[in-house]
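Only this structure's heavy atoms are used, side chains among them; waters, hydrogens and symmetry mates stay out. Note that the coordinates shown come from a computational prediction; the quantities given were computed from them, not determined experimentally. A note on names: the letters A, B, ... follow the listed sequences, proteins ahead of strands, and every chain is numbered from 1.
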Protein chains: 2
Amino acid sequence: MQDPCQAREVLGIVGDKWALLIVRMLKDGPRRFTELKRAIDGISQRMLTATLRDLERDGILTRTVHNVMPPHVSYELTPMGRTLREATAPLLEWSITHLAHIDAARAAYGNR
Amino acid sequence: MQDPCQAREVLGIVGDKWALLIVRMLKDGPRRFTELKRAIDGISQRMLTATLRDLERDGILTRTVHNVMPPHVSYELTPMGRTLREATAPLLEWSITHLAHIDAARAAYGNR
DNA sequence: TGTTCTCGGTTACCAAAGGGTACCGAGGCA
DNA sequence: TGCCTCGGTACCCTTTGGTAACCGAGAACA
């Protein structure tokens, strides 16, 4: 690995909280907009739209519109997106397994 | 893995652009404030201070002050911090190896 | 016939967070 | 006397992001 600082801009996108969760949601195949919105607890419609746009622009996922009414739009990982999913999986798992440790550390820090 | 949405708050910290780079910088042992500032290209003094505080609060690293003049403060990963470092390494590597792909995808997106 | 629901957004508004720059203090050195 | 260092804070502007309202066309309901 050479200069990791070159990766700063990329990290600003793939390191994004919402982007990580969206990529994870798509691991088992395409998902619809509303499906993602319901599954990713706490994301606002605005942020979901914006993050999906960014990920589409960067070639992480594809957006497919089926011209029916009511609208049907599905999102799916590209091959590059699937490699990203593999790269982010350890961080996701780490976050979940260390939730309690972080809470404990934070409580201890507050009581100093 | 249960509900990944529980990890949202944690992801907001460990998924942070600067936090990822700082954790990586500390992989080979303690580093001083100014050392980090010089090594992480583009980070401002303010953001370095703030991010280090957050990581210290969350038990990712320790801050050690040596009472001399000029000041000497060193930062070092905790055991939990080292496990985080391992979890983030794949994402860092991915970012660097896919920099060019992302640029290409972004250029193609702009020309549609 | 009119009302209301759906999906996948967009937009305006506003508060909160992010982040750059200037400045600080105390000792060392010329 | 003046200027350098390190680590950090105060100030202030910019960006981010949540909320809520609106949209359009079909479908279900009454």
Picking from dC6(D), dG8(C), dT9(D), the nucleotide nearest the side-chain atoms of Pro71(B) would be dC6(D)

Give me, pair by pair, the N or O atoms of the protein and of nucleotides 14-18 of chain D that are less than 3.5 Å apart, along with how far apart they are.
residue: dG17(D); atom: N7; partner: Arg46(A); partner atom: NH1; Å: 3.3
residue: dG17(D); atom: N7; partner: Arg46(A); partner atom: NH2; Å: 3.4
residue: dG18(D); atom: OP2; partner: Ser44(A); partner atom: OG; Å: 2.7
residue: dG18(D); atom: O6; partner: Arg46(A); partner atom: NE; Å: 2.9

Calculate the interatomic distance between Arg53(B) atom CZ and dA17(C) atom P; express it in whole Å.
18 Å

Assuming nearest nucleotide by heavy-atom distance, tell me which of Thr49(A) and Met69(A) is located more 5' along DNA chain C.
Met69(A)

Roughly how many Å is it from CZ in Arg38(B) to P in dG7(D), rounded to a whole number?
9 Å

Any luck finding a side-chain donor-acceptor pair between Tyr75(A) and Arg31(A) under 3.5 Å?
no

Mutual orientation of the aromatic rings belonging to His98(B) and His101(B) [parallel < 30°, tilted 30-60°, perpendicular > 60°]:
tilted

Is there a donor-acceptor pair closer than 3.5 Å between any side-chain N or O of Thr78(B) and the backbone N or O of Gly59(B)?
yes

Please list, by residue number, the residues of residues 27-37 of chain A whose heavy atoms come closer than 4.0 Å to an atom of DNA chain C; answer none if no residue qualifies.
Arg32(A), Phe33(A), Thr34(A)

Do any N or O atoms from the side chain of Arg85(B) and from the backbone of Leu77(B) form a donor-acceptor pair under 3.5 angstrom?
no

Taken to the nearest whole Å, CG/Asn67(A) to C1'/dC7(C) is 13 Å

With sequence neighbours left out, what residues match Arg32(A) under side chain to side chain donor-acceptor pair (under 3.5 Å)?
His72(A)

Would you mind reporting whether Leu36(B) and Leu21(B) have side-chain heavy atoms less than 4.5 Å apart?
no

Nearest whole Å is fine: how far is dG28(C) P from His72(B) NE2?
16 Å

For Trp18(B), is there any backbone N or O sitting under 3.5 Å from a side-chain donor or acceptor partner on Thr51(B)?
no

Would Arg106(A) and Glu9(B) pass as an ion pair if we require N to O under 4.0 Å?
yes

Starting from P on dC7(C), measure out to OH on Tyr75(A) and report it in whole angstrom.
14 Å

Gln45(B) (side chain) and dG20(C) (base): donor-acceptor pair under 3.5 Å:
no

Under 4.5 Å between any side-chain heavy atoms of Met80(B) and Ile60(B), yes or no?
yes

